[in-house]
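Just so it is clear, the values below take in all heavy atoms, side chains as well, and ignore hydrogens, waters and symmetry mates.
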Amino acid sequence: MNYDNVMKLALERGFYFPSCEVYGDSQAGFWEYGPNGVSIKNKFLELWRQQLVRRDRMLEIDGSQIMSKSVFEASGHLGNFADPIVKCKECKSTFRADKLIVDASEVEIPENSDLNEFDNVIKEKAISCPKCNGSLDNTKKFNMMFKVGIGPEEEEAYLRPETCQSIFVDFPRLFKTMRGKLPIGIAQVGKSFRNEIAPRQSLLRLREFYQAEIEVFCNPNKLDVLDKFSEIENTTLRIQNEQEVVTVTCKQAVESGIIPNKFVAYYLGLLSEFYEKTGIDMNKSRFRKLGEKEKAFYAEVAFDFEVETTIGWLELVACNYRSDYDLSSHAKKSKEKFEVMDNDEKVLPHVFEISMGIDRSLYCVLEHGYRDDKENERVVLSIRPYLAPVHVGILSLVKKDGLAEKTNDVYLNIKTKFDSFLDHAGAIGRRYRRLDEIGAPFAITIDHQTKDDDTVTIRSRDSMSQDRVKIKDLEEILSKETRFP
RNA sequence: GCGGAGUUAGUCUAGCUCGGUUAUGACGUCAGCUUCCCAAGCUGAAGGUCGCGUGUUCAAAUCCCGCACUCCGCACCA
């Protein structure tokens, strides 16, 4: 199974590994990126910046991870980002109170009701533990946000459960000072924190994780007025129908009504073009429109971008049309003005969000790039050259006869321009294979001929074929081959 | 959180049933030799709180108990 192979590669080659692993009290759901992981993550985010933030002239901010209580009162997370749970006094099993009650009595209680209502129904209907028939404890709320105490008085605040709240809260200032005009995208990359009950599968379900979020603010009356739509109208989207995945252009998707408007289609188009460039196999991807029950509490229309892996379909991006849910609740709570002028019209903008899970995306890049090349007895990470943690290995064929010194010279000249790895040790084939495993697209080898004519061989990772090139041309060749698209 | 299985070096693993010298092997890593191109060979070396903590015992990787983590299922996943 590829998940296990990727996991092994990650541990052996410094992509990612568990946090605090030397201590016995390390908690589940926390992982670290090692050197190769950081390198690929940085490049992935650079691609994201280029293909989304820069392309659409978005504004990027970097907000705090700890935010005050009011933010989450307004956002609804304190009330809604929690499940009502009830515990059996006998067998200690935990259940979701609302689901348990529906199953046992067919009484439907909205999940954000007062806790007494759950307890009352449980009492009235004499509901007991479905496992052991034991009696149930009082209903409690389990909020998935991490609470933190600020200062000596331990003032209540929270680690953000999604990065976007700072974008909403900062919106009035950003719009004014950055000379904003609708529609405008505001982007942010950073950590978010959720106290998951059962984190699992390394990077796929973390308690502390990276999000790259984009919130696009728009005039809700102009969702089909978008000149730049022509840029992506022929971009194809794979959209999950009731039964099957259909491939349509953005234009067709809007015309047929699969996507409600040009505005949403435009951003799904951008996202699709971005993921194409990450090297993830788009034939194993789909946009799935979420049903009423699956959607987040703030979403009006929601598409998940999902990718198929060896452990099933993974949700990489949540695309939610959040309407004015966030701005109006922050306006109400803070008493600040969030309306802006769009030409002559005063509007409270609506928001479409593209909320990307970075860790999961990176996993997919690794899994889809992982190749077990049995014929050549090697493992190859065939990822796009511009995402590779190491661009090029600089190798001496043998150490003696002055080749090591010559190799050092070549390395010295390119090490600040590319992520390069110098290696003199051991058999050449072994060194090539080590580079293959971390996805280095090129290996330059200095051999005896180099001393005569200043040429070297350059080996490409996927084909294993070699070309002989002049040392003075190396920089140009590598620039061209490792450049972002 | 529940149930099941597991945790021995960077990775994989033997040993555990039935407690007893210095914890086994492979791969990987490092140094040297060799080698003018794909995990070759030779020599040598480093690397372990046997997940953590208790208990039983003259003696615990091995037996008991507790905890943590990992994996699988259930539940959960704005």
Side-chain angles (χ1 to χ4, degrees), chain A residues 1 3-5 7-14 17-30 34 72 75-83 85-88 91-96 99-100 103 111-112 129-132 142-145 161-162 164-165 192 194-202 204-207 290 294-299 302 311 314-315 318 320 322 325 353 355 357 373 376-379 395-401 403 425-437 443-452 456-457 459 461 464-466 468:
Chain A
M1 184 146 139
Y3 175 84
D4 296 329
N5 295 336
M7 190 68 230
K8 188 177 176 202
L9 186 68
L11 290 170
E12 283 182 339
R13 296 288 178 218
F17 47 88
S19 269
C20 316
E21 59 181 337
V22 298
Y23 285 107
D25 63 348
S26 66
Q27 295 291 314
F30 299 92
F72 302 110
S75 72
H77 284 90
L78 271 172
N80 294 322
F81 194 53
D83 294 326
I85 54 169
V86 65
K87 243 186 165 171
C88 171
C91 71
K92 308 288 180 205
S93 297
T94 311
F95 306 93
R96 266 191 67 149
K99 295 208 167 172
L100 178 75
D103 290 346
E111 60 170 295
N112 39 9
C129 173
K131 272 195 183 160
C132 72
F142 175 70
N143 195 293
M144 303 235 299
M145 284 196 293
E162 51 179 9
C164 60
Q165 289 305 325
S192 290
R194 295 178 191 179
N195 202 357
E196 297 283 352
I197 298 171
R200 216 164 264 194
Q201 290 172 318
S202 59
L204 305 182
R205 202 129 154 243
L206 296 162
R207 287 188 167 126
L290 300 188
E294 289 180 287
K295 288 189 305 194
F297 62 85
Y298 46 66
I311 48 170
L314 293 179
E315 175 196 334
N320 296 307
R322 300 174 73 125
Y325 179 90
E353 96 174 334
S355 172
D373 181 1
N376 295 298
E377 292 181 78
R378 60 178 192 152
V379 165
L395 317 174
S396 48
L397 184 59
V398 292
K399 263 183 282 189
K400 59 182 185 180
D401 302 334
L403 292 188
I428 192 76
R430 181 182 298 281
R431 283 178 277 163
Y432 286 146
R433 270 158 188 73
R434 268 197 294 251
L435 289 166
D436 290 341
E437 280 190 19
I444 287 165
T445 305
I446 284 75
D447 57 19
H448 288 84
Q449 193 182 327
T450 308
K451 291 198 298 182
D452 301 332
V456 294
T457 59
R459 169 189 183 269
R461 173 195 68 199
M464 297 172 72
S465 64
Q466 289 178 299
R468 185 161 280 279

Using a 4.0 Å heavy-atom cut-off, does A:Pro161 contact any base of the nucleic acid, only the sugar-phosphate backbone, or nothing at all? base

Please state how far atom NZ in A:Lys8 lies from atom P in B:rA9, giving the value in whole angstrom units. 14 Å

Select base, sugar-phosphate, or nothing to describe what A:Arg200 touches, counting heavy atoms under 4.0 Å on all strands. base

Does A:Asn195 use its side chain to pair, donor to acceptor, with the backbone of A:Asn143 at less than 3.5 Å? no

Return yes if some donor-acceptor pair links the side-chain N/O of A:Tyr325 with the main-chain N/O of A:Ser75 below 3.5 Å, else return no. yes

Pick base, sugar-phosphate or nothing for A:Arg431, based on heavy-atom distances below 4.0 Å to the nucleic acid. nothing

Between B:rA40 and A:Arg430, is there an OP1 or OP2 to side-chain N/O distance shorter than 4.0 Å? yes

Establish, with yes or no, whether the OP1 or OP2 oxygen of B:rC72 is under 4.0 angstrom from a side-chain nitrogen or oxygen of A:Gln201. yes

Would you say A:Gln27 places a side-chain N or O within less than 4.0 Å of OP1 or OP2 belonging to B:rA68? no

Check every strand shown and say whether A:Glu437 touches a base, only sugar-phosphate, or nothing at a heavy-atom separation below 4.0 Å. base

Dot-bracket, 5' to 3', for RNA chain B please: Watson-Crick or G-U pairs under 3.5 Å, [ ] where pairs cross earlier ones, | where the partner sits on another strand, dots elsewhere. (((((((..(((.......[....))).(((((.......))))).....(((.(..]....).))))))))))....

If you compare every side-chain N and O of A:Lys400 against the phosphate oxygens of B:rU35 (OP1, OP2), does one of them come in below 4.0 Å? yes

Please work out if A:Ser202 contacts a base, only the sugar-phosphate, or nothing of the nucleic acid, heavy-atom cut-off 4.0 Å. sugar-phosphate

Could you pick out which residue, A:Gln449 or A:Lys399, lies toward the 5' side of RNA chain B when each is mapped onto its nearest nucleotide? A:Lys399

